[in-house]
Amino acid sequence: MVEPYSLSRKLFVGCNYTVLALISIFCILPLLHVFAVSLSSSQAAAAGYVKLWPVDFTMKNYEFVAGKSEFTRSLLVTLKRVGIGVPLNMLLTVLIAYPLSKDSLHFRPRTAYAWVFVVTILFSGGLIPLYMAVKYTMIMDTIWALILPSAVPVFNVILMLNFFRNLPKELEEAAFIDGAGHWTTLWKIYIPLSMASLATVTLFATVGHWNSWFDGMIFMNSPTHYPLQSYLQTVVINQDFSLFTSGRIKDFSNINDQTAKSAQIFLGALPILLVYPFLQRFFIKGVVLGSVKE
């Protein structure tokens, strides 16, 4: 047993804090640099004067990126995708994880069902079969093409499954003795006790939907249906100006490419940065709990 205030313990804790502080600095500095560039003038960014503090402070880059109707339209598509996709992800995750958390005595086909989901992690059908499936189910160029193919996040199912397994079995047995069924047990006992894991999985699903851009590029025929990340990928990364009117193309010529990219990076990440502080306190319980066996 290691004494709490021994010299070796203090050195160990000190080294841990030092290493974690250095890692944090290496993660934060690039983010601060990008933020500073997004708030600097095009001339200062092009000349390489911007480090960690804005030079010739300006909001023109954000006004340019956020002030366009194309941006607003894509943002609404993404909000619609998150608003429908995340609740659907959570509903299916819970409904799949609950029966799979039971042992084989109570749910005999459990192992077979579990392997079906695990195989989808190890082996993907590929892009062409996915595209054909979306096309022949008649959901191409609709919001459902962005939601249904990823409706069951298997990794999140495994997290919830492990969390459910770790809950005290005595609670479930007591509920059954009092006459509760599986539905009542799930919604009135399992769900209230699993808020930490649910918050973590919700954040994972939200980040997945918000940052996804590739499916929008292949499943949406019309650029007006692009989600935000697909739109930004097309306009800023590939610099495809087909989505712009002639007036907007002239505006773009007055914006430095580096500052515009920095602004779009922050606008794209801003919702996640706002949500993360409220949910990060659930991460340890939500992810680790269930991995420790009795």
Side-chain angles (χ1 to χ4, degrees), residues 34 38 61-62 64-90 92 120-156 202-249 251-253 255-273 275:
V34 172
S38 70
N61 302 306
Y62 286 97
F64 170 75
V65 174
K68 302 187 296 292
S69 61
E70 298 90 347
F71 181 90
T72 305
R73 184 174 57 226
S74 301
L75 178 61
L76 292 176
V77 172
T78 296
L79 292 176
K80 185 178 180 181
R81 173 181 185 167
V82 172
I84 300 174
V86 173
L88 181 63
N89 284 156
M90 296 307 300
L92 294 177
T120 62
I121 296 179
L122 301 176
F123 305 100
S124 170
L127 181 59
I128 294 177
L130 176 62
Y131 180 86
M132 300 299 288
V134 172
K135 180 180 179 181
Y136 288 107
T137 49
M138 310 295 286
I139 58 174
M140 186 71 78
D141 207 30
T142 68
I143 190 68
W144 298 108
L146 306 176
I147 295 173
L148 292 183
S150 59
V152 180
V154 180
F155 178 73
N156 294 349
T202 300
L203 183 60
F204 287 168
T206 304
V207 172
H209 278 292
W210 188 270
N211 287 338
S212 182
W213 62 271
F214 186 65
D215 50 0
M217 302 289 289
I218 61 175
F219 294 145
M220 293 298 171
N221 296 327
S222 172
T224 59
H225 296 162
Y226 278 0
L228 180 61
Q229 304 299 338
S230 301
Y231 163 78
L232 293 174
Q233 168 73 16
T234 302
V235 173
V236 179
I237 304 292
N238 294 337
Q239 298 193 8
D240 179 359
F241 301 110
S242 61
L243 300 181
F244 280 173
T245 61
S246 58
R248 302 308 304 177
I249 294 177
D251 292 342
F252 190 80
S253 64
I255 299 294
N256 182 276
D257 180 57
Q258 185 180 1
T259 57
K261 286 181 179 179
S262 301
Q264 66 91 14
I265 289 172
F266 253 87
L267 284 178
L270 185 60
I272 302 302
L273 293 176
V275 171

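For clarity, every value in this text was computed on a predicted model and none was experimentally measured. Residue numbers count from 1 along this sequence.
Of all heavy-atom pairs spanning His209 and Ser150, the tightest one is CE1-OG, 3.9 Å. Heavy-atom minimum distance, Met140 versus Phe219: SD-O, 3.1 Å. Looking at every heavy atom in both residues, Pro153 comes nearest to Ala151 through CD-O, 3.3 Å. Smallest separation of non-hydrogen atoms from Ala205 and Asn89: CB-OD1, 3.9 Å.
A salt bridge links Asp215 with Arg81: at least one charged nitrogen is closer than 4.0 Å to a carboxylate oxygen.
With a 4.5 Å cut-off on side-chain heavy atoms, Leu79 and Trp210 count as touching. Between Leu228 and Val77, every side-chain heavy-atom pair lies at or beyond the 4.5 Å cut-off. Taking 4.5 Å as the limit, some side-chain heavy atom of Met217 sits within range of a side-chain heavy atom of Tyr226.
Formation of a donor-acceptor pair under 3.5 Å by the Thr137 side chain with backbone atoms of Val134 is found in this model. Under the 3.5 Å distance criterion, the side-chain polar atoms of Thr206 are matched with a main-chain donor or acceptor of Thr202. Judged by distance alone, with hydrogens and angles left aside, the side-chain atoms of Asn221 form no donor-acceptor pair with the main-chain N or O of Asp141 at under 3.5 Å.
Under the rule for a side chain to side chain donor-acceptor pair (under 3.5 Å), Asn211 has no partner lying at least two apart in sequence or in another chain.
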Show your reasoning for whether side-chain contact (heavy atoms from CB on, under 4.5 Å) applies to Leu146 and Met220.
-> CA-CA 9 Å; Leu146 306 176; Met220 293 298 171; 3.5 Å; yes

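Ring-plane geometry between Phe155 and Phe204 is classed as tilted, the angle between the planes lying from 30 to 60 degrees on a 0 to 90 degree scale.
Heavy atoms from other residues, nucleotides or ligands lying under 6.0 Å from CD1 of Ile128 number 12 at most.
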